[in-house]
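In what follows, a single structure is set out as structure tokens and then discussed.
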2 protein chains.
Amino acid sequence: MTREKDINQMLKDHGLSSTETRRTILGFFHAADKALAHADIETMGTVPLDRVTIYRTLQSFVEKGLLHSIPSADNAVRYALCKDHCADGHHHDNHVHFMCDQCSRTYCLDEITIPRIKLPLGFTACQTDLVVSGVCKTCQS
Amino acid sequence: MTREKDINQMLKDHGLSSTETRRTILGFFHAADKALAHADIETMGTVPLDRVTIYRTLQSFVEKGLLHSIPSADNAVRYALCKDHCADGHHHDNHVHFMCDQCSRTYCLDEITIPRIKLPLGFTACQTDLVVSGVCKTCQS
DNA sequence: AGTCCTTTGCAACAGTGTTGCAAAATATTT
DNA sequence: AAATATTTTGCAACACTGTTGCAAAGGACT
């Protein structure tokens with residue numbers, strides 16, 4: 001399978017050794033068109049994955065620039081694939097996130113860039129997160 | 001004391017009976033120039049407050065429009081006083097929040113309004129949260 | 001294949017938030 | 001002001017989220 005090979009390559013490109021759990025979890029993210037939380041991943045596979053391993057996998061994926069985390073008001077951090085990578089690997093996403101109040105799906109709106117914010121004197125920005133919540137395209141019937 | 005009386009009035013104006021814990025917690029928010037998390041409140045008073053009571057108090061304050069909650073990437077929801085209230089009580093804040101990476105202080109930048117975001121077709125916005133993180137005016141030395 | 005290093009899985013723990021229920025405090029009525 | 005009704009508190013217990021340490025298993029490399 002080409003996808004298998006792609007996932008393998010993706011891990012190695014980011015300096016991660018290719019293990020079964022990592023391939024599985026990265027596969028979940030490629031299959032899903034939405035952001036995933038730890039709890040989602042725990043129940044997604046046919047064989048249940050170890051909780052701790054998932055935490056550590058997500059952590060290393062974020063560190064190596066494969067995933068980015070999305071803050072939320074409901075205290076459940078979600079993760080999504082990083083689509084564009086800078087050369088240095090350390091890459092700050094700058095797109096808007098959308099979270100559906102009805103189905104809890106979280107989307108990366110890659111095409112919408114966060115506008116530049118002018119901070120008061122004395123404040124220096126490092127990262128900016130913009131999360132819009134409401135009703136998503138699937139729930140809008 | 002006038003402040004005591006103000007706090008009392010504030011509670012009643014929002015349809016909450018005036019109890020000692022509520023007066024204490026509301027007092028904390030008036031004294032602080034920053035957003036407070038549950039953990040902060042737990043250790044602030046001379047007499048320790050019950051954890052559950054704090055949760056319930058914060059909840060009712062948010063429901064009645066006294067406080068608003070601020071999402072964060074570090075999974076610790078913070079709360080801050082609502083400064084302007086609509087007539088109906090149900091009031092959506094629309095200002096930018098700033099969180100310091102060094103001291104973890106969270107500020108409401110009331111003077112900066114969140115720019116309007118144009119969502120893709122099919123998405124309807126209900127609330128928009130914008131959190132900037134970096135170095136605050138106090139840590140900037 | 002053998003060695004080295006990383007990752008996994010388990011147990012245990014710490015923090016965050018919720019629920020149920022009896023006792024206490026507040027509000028309301030007389 | 002006392003009695004009653006209602007709300008809030010504090011405790012115990014629980015569920016969920018996330019972390020750490022350590023021995024065993026798995027990948028990487030020569």
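None of the values given here were measured: they were computed from a predicted structure.
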Legend entry - Residues in salt bridge (Lys or Arg N to Asp or Glu O under 4.0 Å) contact with Arg22(A), at least two apart in sequence or another chain: none

Inset, instruction - Take the protein atom CG of Leu11(B) and the nucleotide atom P of dT8(D), then report the distance between them rounded to whole Å. - result: 11 Å

Legend entry - Sequence neighbours excluded, every pair satisfying salt bridge (charged side-chain N to carboxylate O under 4.0 Å, His left out) that has a member inside residues 111-131 of chain A: none

Enumerate, atom names and distances included, each donor-acceptor pair closer than 3.5 Å involving a side-chain atom of residues 34-44 of chain A, sequence neighbours excluded.
| unit_1 | atom_1 | unit_2 | atom_2 | d |
| --- | --- | --- | --- | --- |
| His38(A) | NE2 | Arg51(A) | O | 3.3 |
| Asp40(A) | OD2 | Ala37(A) | N | 2.8 |
| Thr43(A) | OG1 | Ala39(A) | O | 3.4 |
| Thr43(A) | OG1 | Asp40(A) | O | 3.2 |

Legend entry - Value in whole Å for how far the C1' atom of dA25(C) lies from CZ of Arg22(B): 11 Å

Inset, instruction - Would you kindly confirm whether Leu109(B) and Ile114(A) end up in one hydrophobic cluster when ILVMFWY residues are joined by side chain heavy atoms under 4.5 Å apart? - result: yes

Legend entry - Contacts of Asp13(A) that satisfy side chain to side chain contact (heavy atoms under 4.5 Å, CB included) - sequence neighbours left out: Gln9(A)

Inset, instruction - Output the rest of the hydrophobic cluster of Val135(B): all Ile, Leu, Val, Met, Phe, Trp and Tyr residues reachable through side-chain heavy-atom contacts under 4.5 Å, sorted by chain and number. - result: none

Legend entry - ring pair (Phe, Tyr, Trp, His ring centres under 6.0 Å) partners for Phe123(A), two or more places apart: Phe98(B), Tyr107(B)

Inset, instruction - Measure the distance from CD1 on Ile41(A) to P on dT8(C) and round it to the nearest whole Å. - result: 13 Å

Legend entry - Between dT8(D) (P) and Ile54(B) (CD1): distance, integer Å: 17 Å

Inset, instruction - Name all residues meeting the side chain to side chain contact (heavy atoms under 4.5 Å, CB included) criterion together with Thr113(A); count only those two or more places apart in sequence or in a different chain, and write none if there are none. - result: Asn94(A)

Inset, instruction - Please round to 10 degrees the angle between the axis of the first five pairs and the axis of the last five pairs in the helix from dA1(C)-dT30(D) to dT30(C)-dA1(D). - result: 40°

Legend entry - Contact state string [nucleotides 14-30 of chain D, B base, S sugar-phosphate only, - no protein heavy atom under 4.0 Å]: ---BBBBB-----SS--

